[in-house]
> 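Quick one: the structure is below, and I'll ask about it shortly.
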Amino acid sequence: MKETYVSVWGNLVTVRSLQEEKEQGIEGKIEEAIAPLKEKIREIETSISQKYPPVKFLSEKDRKRILITGGAGFVGSHLADKLMMDGHEVTVVDNFFTGRKRNVEHWIGHENFELINHDVVEPLYIEVDQIYHLASPASPPNYMYNPIKTLKTNTIGTLNMLGLAKRVGARLLLASTSEVYGDPEVHPQREDYWGHVNPIGPRACYDEGKRVAETMCYAYMKQEGVEVRVARIFNTFGPRMHMNDGRVVSNFILQALQGEGLTVYGSGSQTRSFQYVSDLVNGLVVLMNNNVSSPVNVGNPEEHTILEFAKLIRGLVGSRSEILSLPEAQDDPQRRNPDISKAKLLLGWEPVVPLEEGLNKTIDYFRKELEYQANNQYIPKPKPARTKKGRLRHI
Ligand SMILES: O=C(O)[C@H]1O[C@H](OP(=O)(O)OP(=O)(O)OC[C@H]2O[C@@H](n3ccc(=O)[nH]c3=O)[C@H](O)[C@@H]2O)[C@H](O)[C@@H](O)[C@@H]1O
């Protein structure tokens, strides 16, 4: 009897160990089969973490939660790049009227980055430490396209962002503009000049919109103690400008690259002072983190006539385009040049990128964009301005 038990027990042990061996064998085989898959996943994970530009590590104490309205636009996306690379948590809000996902796609999926499709005309409830309020079309044909919407964005949109700043105790920087000086009677423009704006002209939706946005900032500062910064931004150019947004830099580069005539509005003797986008972005960040709450001009004081500018771009592109004279744009400011002594003195900021260097980078970007667009069967055309009546002439 005892022997029988022993032999049954022995058989059971053998069956179990055979079973265990079998299971181990299966596990081993499964392990072997999924090893290449695991390797693939590791590769994908590494390639994903390497796809982002390098980001600094900031401790919890130094890392800020930053909102950029209009952050998928030309300036906003460069600002997002800087703040991300500096190690902050960045939330971009854009309604994609003039902003484009392509401008920030390189950050999508990064743990410090968030993109929200939202129009600032509607309230927004999030927790942030700083707000860069850039949302608004900036190119004249774009802001004149729907003047009521431009007004709503700059008024209701700014009220909403100031309300948010008040609620969460954030500091707000308003992207104001040299256009608050209108067609200036004082030259160059200092921050204490009150401006010369036509309140019912075609540019008023933007000029007056930004002027009242500034007024709102100081009302919230005085009445509610909100910390505000106001940057009066002068003409800015660089990669990621919309090729056909109608501004002079994009129009002239596109026309020169396509061998079309460069469209100078009016005599071409009107002046502008152009800054490269990286200088602007550095200026905005310095201003945000400084204690100057009154408005500050952020621009490059090197002034050129538009005709000089057309010739310069044509030369840099190496194009044989002719220069055309079109009727003057309505209410076009005749001279624009920032006095930046305040920024130099109080912020220690001034632009450093030479005009030609910035233009060459922008021309390279446009060349690549044209190739990209051609592959997509789309040929961009410069957007015309609203001009006075008159005939086209060749200069
Ligand atoms: O580029 C910018 O950063 C600024 O552009 C605009 O200001 P504006 O100076 O009128 O800009 P443009 O449309 O680029 O025009 C500059 C000058 O070039 C002229 N222009 C423009 C386009 C063109 O094809 N040909 C041409 O002669 C315009 O009449 C104007 O005298 C906006 O008002 C600002 O908010 C914005 O910040």
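Each ligand, and each atom within it, is numbered from 1 in the order the structure gives.
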> Give the residue and atom name of whichever protein heavy atom lies nearest to atom 25 (N) of ligand 1, and the separation in Å to one decimal.
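In this structure, atom 25 (N) of ligand 1 has Thr263 O, 2.5 Å as its nearest protein heavy atom.
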> Does atom CD1 of Ile200 have more than 12 heavy-atom neighbours from other groups under 6.0 Å away?
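No.
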> I'd like to know if Glu328 contacts ligand 1, where contact means a heavy-atom distance under 4.0 Å to any ligand atom.
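Per 4.0 Å heavy-atom rule, Glu328 does not contact ligand 1.
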> Considering the options Val168, Val93, Leu172, which one meets the side-chain contact (heavy atoms from CB on, under 4.5 Å) requirement together with Leu67?
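Result for side-chain contact (heavy atoms from CB on, under 4.5 Å) with Leu67: Val93.
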> Look at atom 36 (C) of ligand 1 and find which of Ala138, Ser176, Ser136 reaches it with the closest heavy atom.
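Comparing heavy atoms across Ala138, Ser176, Ser136, the nearest one to atom 36 (C) of ligand 1 lies in Ala138.
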> Look at atom 37 (O) of ligand 1 and say which protein heavy atom is nearest, naming residue and atom and giving the distance to 0.1 Å.
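The closest heavy atom on the protein side is Arg247 NH1, 4.3 Å.
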> Please determine whether side-chain contact (heavy atoms from CB on, under 4.5 Å) holds for the pair Trp349 and Asn282, giving the CA-CA distance in whole Å, both sets of side-chain angles, and the decisive distance to 0.1 Å.
CA-CA 8 Å; Trp349 174 89; Asn282 290 335; 4.2 Å; yes
> Among Arg171, Lys222, Lys166, exactly one meets salt bridge (Lys or Arg N to Asp or Glu O under 4.0 Å) together with Glu227. Which residue is that?
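Testing Glu227 for a salt bridge (Lys or Arg N to Asp or Glu O under 4.0 Å) against Arg171, Lys222, Lys166 leaves exactly one candidate, Arg171.
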> Using a strict 4.0 Å cut-off to heavy atoms of Pro140, name the atoms of ligand 1 that fall inside it.
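That gives atoms 6 (C), 10 (O), 13 (O) of ligand 1.
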> Report the member of Asp245, Thr271, Asp332, Thr305 with the shortest heavy-atom distance to atom 28 (C) of ligand 1.
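Among Asp245, Thr271, Asp332, Thr305, the closest heavy atom to atom 28 (C) of ligand 1 comes from Asp332.
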> With backbone taken as N, CA, C and O and side chain as the heavy atoms from C-beta onward, which portion of Asn235 lies under 4.0 Å from ligand 1: side chain, backbone, both, or neither?
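It is both backbone and side chain that touch ligand 1.
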> Check each atom of ligand 1 against the heavy atoms of Thr236 and keep those under 4.0 Å away; list them by number with element.
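The list of qualifying atoms is 1 (O), 2 (C), 3 (O).
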> Heavy atom of Phe252 under 4.0 Å from ligand 1?
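Yes, Phe252 has heavy atoms under 4.0 Å from ligand 1.
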> Counting from 1, what ligand 1 atoms have a heavy atom of Asn251 closer than 4.0 Å?
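Ligand 1 atoms under the 4.0 Å threshold to Asn251: 22 (C), 23 (C), 24 (O).
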> Salt bridge check: are Arg211 and Asp207 linked by an N-O gap of less than 4.0 Å?
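Answer for the salt bridge query: no.
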> Is there a donor-acceptor contact under 3.5 Å linking the side chains of Gln255 and Ser321?
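No pair is found: no donor N or O on one side chain lies under 3.5 Å from an acceptor on the other.
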> Please report which non-hydrogen protein atom sits nearest to atom 35 (O) of ligand 1, along with the residue it belongs to and the distance in Å to one decimal place.
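Here the nearest protein heavy atom works out to Tyr206 OH, 2.8 Å.
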> Considering heavy atoms of the protein only, find what lies nearest to atom 9 (O) of ligand 1 and give residue, atom and distance to 0.1 Å.
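Its nearest protein heavy-atom neighbour is Arg272 NE, 2.4 Å.
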> To the nearest 0.1 Å, how far is atom 15 (O) of ligand 1 from its closest protein heavy atom, and which atom is that?
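Going atom by atom, the protein heavy atom closest to atom 15 (O) of ligand 1 ends up being Val248 CB, 4.0 Å.
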> Indicate whether any N or O donor in one side chain lies under 3.5 Å from an N or O acceptor in the other, for Asp94 and His118.
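On atom types as modelled, these side chains do not qualify, holding no pair under 3.5 Å.
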> Just need the protein heavy atom nearest to atom 20 (N) of ligand 1, so name the residue and atom and give the distance.
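For this ligand atom, the closest protein heavy atom is Tyr265 CD1, 3.4 Å.
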> Output the list of atoms in ligand 1 that are nearer than 4.0 Å to some heavy atom of Arg336, sorted by atom number.
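Every atom of ligand 1 under 4.0 Å from some heavy atom of Arg336: 7 (O), 8 (P), 9 (O).
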> Pull out every atom of ligand 1 sitting under 4.0 Å from any heavy atom of Val264, numbered as shown with elements.
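That gives atoms 27 (O) of ligand 1.
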> Give a yes or no on whether Arg190 atom CZ has more than 12 heavy-atom contacts from other residues, nucleotides or ligands under 6.0 Å away.
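12 or below, so no.
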> Give me each pair satisfying ring pair (Phe, Tyr, Trp, His ring centres under 6.0 Å) with a member in residues 275-318, each pair once, sequence neighbours excluded.
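Output for this query lists Phe237-Tyr276, Phe274-Phe309.
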> Is it true that Ser176 and Glu214 share a donor-acceptor pair across their side chains at a distance under 3.5 Å?
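Side-chain D/A pair, Glu214 to Ser176: present.
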> Just checking, Arg367 and Tyr372: is the charged tip under 6.0 Å from the six-membered ring centre and within 45° of the axis?
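So Arg367 doesn't make the cation-pi contact.
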> Following the transitive rule for hydrophobic clusters with a side-chain heavy-atom cut-off under 4.5 Å over Ile, Leu, Val, Met, Phe, Trp and Tyr, establish whether Phe74 and Phe366 coincide in one cluster.
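Yes, same cluster.
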> Is the shortest distance from a heavy atom of Phe237 to ligand 1 less than 4.0 Å?
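In this structure, Phe237 fails to qualify as a contact of ligand 1 - no heavy atom is under 4.0 Å.
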> Compute the minimum heavy-atom distance from Arg203 to ligand 1 and say whether it is under 4.0 Å.
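Contact check Arg203 vs ligand 1: positive.
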> Of the options Tyr206, Tyr143, Phe97, which is the one that meets Ser136 in a side-chain contact (heavy atoms from CB on, under 4.5 Å)?
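Checked Tyr206, Tyr143, Phe97 against Ser136; only one passes side-chain contact (heavy atoms from CB on, under 4.5 Å): Tyr206.
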> State the atoms of ligand 1, each with its element, that fall below the 4.0 Å cut-off from a heavy-atom position in Tyr143.
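What qualifies from ligand 1 is 33 (O).
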> Any atoms of ligand 1 less than 4.0 Å from a non-hydrogen atom of Thr177? List them with their elements.
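Ligand 1 atoms under the 4.0 Å threshold to Thr177: 35 (O).
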> Quick one: nearest non-hydrogen protein atom to atom 33 (O) of ligand 1, plus distance?
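Answer, as residue, atom name and distance: Glu179 OE2, 1.8 Å.
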> What residue and heavy atom of the protein are closest to atom 17 (C) of ligand 1, and at what distance?
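Result for atom 17 (C) of ligand 1: Ile306 CD1, 3.6 Å.
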> Using heavy atoms and a 4.0 Å limit, tell me yes or no: is Phe309 in contact with ligand 1?
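Contact check Phe309 vs ligand 1: negative.
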> Can you check side-chain contact (heavy atoms from CB on, under 4.5 Å) on Ile66 and Asp129, steps first, answer last?
CA-CA 6 Å; Ile66 303 178; Asp129 306 307; 5.9 Å; no
